[in-house]
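Just below is one structure, and these are the notes that go with it.
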Amino acid sequence: MSVQNLKLSDIDSTVIAPIRAVDTDSTGYKKLKSAIAKDGQLHPITVRRLTEDEKQQTDNNAEYGIIDGQHRFQIAQSNGQDTISAEVYECEDYDQTSAYRDIAMAYRLNEATIKMSSLDKGKVIYDLLEQSKGEGSGKTASRKEVSEIGEEVFGLKKSMSYAALRKYKEAQGMETIEKPRDSAFAIEKFQETLSELPQTQEDLDDSQKRTQQLKAVKDAQKQLKQLKKFLSAT
């Protein structure tokens, strides 16, 4: 990728579907706007050149679409800027550009800033799996495996990727297929469960997460019993 100063008029913010909507009333948006006003734009947005078909979907035949940085772009527009610092993702197969690649890259770039439960990650894995199936034809396209998606997007191990997908499917009432386990206790699943417990006082005070946290406590209790049984037998 190369960093350039691009004209805002050359960038379209809608043709590549954003992974989250810009909420100008949110605390995060206001903090970011204040930080940019004080220190300037420290991090460039990430864009890619649009295909000819995508350009036709824009109002001004824009050259680029946003993969990451919708909030920074919106702030630049509200500040009346003409240009913005952008990292341009170069790709030779523009005509074969996949929505899967855009979404996967956007989540990778936002992993540190968007708090996601295993259920949330399971939904992303499910959506990308379906997206991959839809693009399973053509010279450069290939269908993705669950473990491959989990690793590419979230850095998850195979068992944790399947666990997240299973959790999402169960929440949606979808049929799930249990994969055989070598033992009742799985360290990856236990670590995933621990990550869903409150990590900070802010998490503990978040009433909207209370149901999810209680379920995580129950799951952890069950897994601790399995661990105790496993350790006692060794």
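Residue numbers count from 1 along this sequence.
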Practice item. Carefully, step by step, assess Lys7 and Ile11 under the rule side-chain contact (heavy atoms from CB on, under 4.5 Å). Key: CA-CA 7 Å; Lys7 292 181 179 179; Ile11 303 172; over 6 Å; no
Exercise for review: Can you see which heavy atom on Ser147 is nearest to which on Lys158, and at what distance?
Suggested key: CB-CG, 3.6 Å
Check your understanding: What heavy-atom pair brings Ile125 and Gly150 nearest, and what distance separates the two atoms?
Key -> CD1-CA, 4.1 Å
Practice item. Give a yes or no answer on whether the side chain of Asp10 reaches the backbone of Tyr64 with a donor-acceptor pair at less than 3.5 Å. Key: no
Revision key, fill the gap. Taken to the nearest 0.5 Å, the spacing of Ile149 CD1 from Tyr107 OH works out to 12.5 Å
Revision key, fill the gap. Minimal heavy-atom distance between Gly69 and Ile45, with the atoms involved, is O-CG2, 3.6 Å
Point to revise | Short side-chain to backbone donor-acceptor contact, Gln199 and Leu197, under 3.5 Å | key: yes
**Study point:** Minimum side-chain heavy-atom gap Thr83-Leu6 below 4.5 Å
**Key:** no
Practice item. Give a yes or no on whether Asp59 atom CG has more than 12 heavy-atom contacts from other residues, nucleotides or ligands under 6.0 Å away. Key: no
**Study point:** From CA spacing to verdict: salt bridge (Lys or Arg N to Asp or Glu O under 4.0 Å), Arg210, Asp206
**Key:** CA-CA 7 Å; Arg210 197 61 52 80; Asp206 192 340; over 6 Å; no
Review point. Taking all non-hydrogen atoms of both residues, which atom of Phe190 and which atom of Gln223 are closest, and how far apart?
Key: CA-OE1, 2.9 Å
Practice item. Begin with the C-alpha distance, continue with both residues' side-chain angles, and end with the deciding distance and a verdict on side-chain contact (heavy atoms from CB on, under 4.5 Å) for Leu128 and Ile103. Key: CA-CA 8 Å; Leu128 289 178; Ile103 297 171; 3.5 Å; yes
Study note, to complete from the structure: Heavy atoms of Ile16 and Ile67 approach each other most closely as CD1-CG1, 4.3 Å
Practice item. Ignoring hydrogens and angles, tell me if any N or O in the side chain of Gln77 forms a donor-acceptor pair with the backbone of Gln74 under 3.5 Å. Key: no
**Study point:** Step-by-step salt bridge (Lys or Arg N to Asp or Glu O under 4.0 Å) determination, Glu152 to Lys144
**Key:** CA-CA 10 Å; Glu152 286 182 350; Lys144 300 281 186 177; 3.1 Å; yes
Review point. Where do Lys33 and Lys30 land on the side-chain contact (heavy atoms from CB on, under 4.5 Å) test, with the steps shown first?
Key: CA-CA 5 Å; Lys33 186 171 184 178; Lys30 292 176 181 177; 5.7 Å; no
Check your understanding: Are the side chains of Met116 and Phe154 in touch, meaning some heavy atoms are under 4.5 Å apart?
Key -> yes
Revision key, fill the gap. For Ala62 and Leu50, the nearest pair of non-hydrogen atoms, with its separation, is O-CD1, 3.6 Å
Check your understanding: Do we see a donor-acceptor contact under 3.5 Å between the side chains of Ser161 and Glu151?
Key -> no
Point to revise | Enclosure of Lys167 NZ (heavy-atom neighbours >12, cutoff 6.0 Å) | key: yes
Review point. Taking the side chain from Asp12 and the backbone from Thr14, do they hold a donor-acceptor pair closer than 3.5 Å?
Key: yes
Exercise for review: Decide yes or no for Thr211 and Lys215: does some side-chain heavy atom of the first lie under 4.5 Å from some side-chain heavy atom of the second?
Suggested key: no
**Study point:** Any side-chain heavy-atom pair of Tyr126 and Lys121 under 4.5 Å
**Key:** no
Check your understanding: Counting N and O atoms only, with roles assigned by atom type, does the side chain of Glu192 sit under 3.5 Å from a partner on the main chain of Ala163, one being a donor and the other an acceptor?
Key -> no
Check your understanding: Do any N or O atoms from the side chain of Arg48 and from the backbone of Gly65 form a donor-acceptor pair under 3.5 angstrom?
Key -> no
**Study point:** Lys55 atom NZ: more than 12 heavy-atom contacts under 6.0 Å
**Key:** yes
Point to revise | Criterion side-chain contact (heavy atoms from CB on, under 4.5 Å) on Lys31 and Thr27, from CA distance to verdict | key: CA-CA 6 Å; Lys31 284 183 177 179; Thr27 301; 3.6 Å; yes
Practice item. Consider only side-chain heavy atoms of I, L, V, M, F, W and Y, link residues closer than 4.5 Å, and tell whether Leu194 and Leu204 are in one cluster. Key: no
Practice item. Each residue besides Ile36 in its hydrophobic cluster should be listed here, by chain and number; the cluster joins Ile, Leu, Val, Met, Phe, Trp and Tyr at side-chain heavy-atom distances under 4.5 Å. Key: Val22, Tyr29, Leu32, Ile75
Check your understanding: In terms of side-chain heavy atoms, does Asp53 have a donor or acceptor partner in Gln57 at a distance below 3.5 Å?
Key -> no
**Study point:** Side chains of Ser85 and Val3 in contact at under 4.5 Å (non-hydrogen atoms)
**Key:** yes
**Study point:** Any donor-acceptor pair under 3.5 Å from Asp205 side chain to Glu202 backbone
**Key:** no
Review point. In terms of side-chain heavy atoms, does Thr58 have a donor or acceptor partner in Asn61 at a distance below 3.5 Å?
Key: no
**Study point:** Heavy atoms of other groups near Gln4 CD, more than 12 under 6.0 Å
**Key:** yes
Exercise for review: Can you measure from CD1 (Ile19) to CG (Leu109) and round to the nearest 0.5 angstrom?
Suggested key: 8.5 Å
Point to revise | CG-NZ distance between Leu214 and Lys209, expressed to the nearest 0.5 angstrom | key: 14.0 Å
Practice item. Verify, without hydrogens or angle tests, whether Gln41 (side chain) and His43 (backbone) share a donor-acceptor contact under 3.5 angstrom. Key: yes
